[in-house]
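Worth knowing before you read on, the calculation uses all heavy atoms, side chains too, and leaves out hydrogens, waters and symmetry mates. Quick caveat: nothing in here was measured; it's all calculated off a predicted structure.
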Amino acid sequence: RGSGEKAVRSKAPLSCLAVAVLCTLAILGFASLMTPAFVVAPSALQKQQQLDMPQPERVAALAAAAALVPEAAYAANNGYALQQLFSAIFVIGLGPAVLFWIYFNKPELL
């Protein structure tokens, strides 16, 4: 009995440390998502320089940008939108479903 209690007591600080590390990582992750996403508007000189670009170079720049993101052309497709919606519902619903399964079938894991 004495050695079993010692083992439980020695695991408790490790689990507290693990929880603290996970909470810290979660907070840092959420903080990185909340960085400012706005940029300063271009000055009048920069706008003028953009307008001075010749037409063939504009077309080449636009084609290069479009070639980098070919999936964007399918984003407006209704089937794709429905697939994204159902995928999101499935993923969001999966978390609580797994937790309920663990709660009722393997409560020792909690």
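When the side chains of ILVMFWY residues are joined at heavy-atom separations under 4.5 Å, either directly or via intervening members, L85 and I92 end up in two distinct hydrophobic clusters. There is a path of hydrophobic side-chain contacts, each under 4.5 Å, that joins I89 to L82. V91 and F86 sit in two unconnected hydrophobic clusters of ILVMFWY residues. Membership requires side-chain heavy atoms under 4.5 Å apart, directly or through other members. Cluster annotation: F104 is connected to W101 through the hydrophobic network of ILVMFWY side chains, with a link wherever side-chain heavy atoms come within less than 4.5 Å.
For the side chain to side chain contact (heavy atoms under 4.5 Å, CB included) test, residues two or more places apart in sequence or in another chain that qualify with F90 are L94. Every residue two or more places apart in sequence or in another chain was checked for a side chain to side chain contact (heavy atoms under 4.5 Å, CB included) with L22, and none qualifies. Applying the side chain to side chain contact (heavy atoms under 4.5 Å, CB included) test to L109 and every residue at least two apart in sequence or in another chain returns I102, K106.
Applying the side-chain hydrogen bond (donor to acceptor under 3.5 Å, both in side chains) test to pairs two or more places apart or on separate chains, those with a residue in residues 85-96 are Q83-S87.
When hydrophobic side chains of Ile, Leu, Val, Met, Phe, Trp and Tyr are connected at separations under 4.5 Å, L28 ends up as a singleton with no cluster partners. The hydrophobic cluster of L99 has no other members, since no ILVMFWY side-chain heavy atom comes under 4.5 Å of it.
Smallest separation of non-hydrogen atoms from N105 and P107: C-CD, 3.5 Å.
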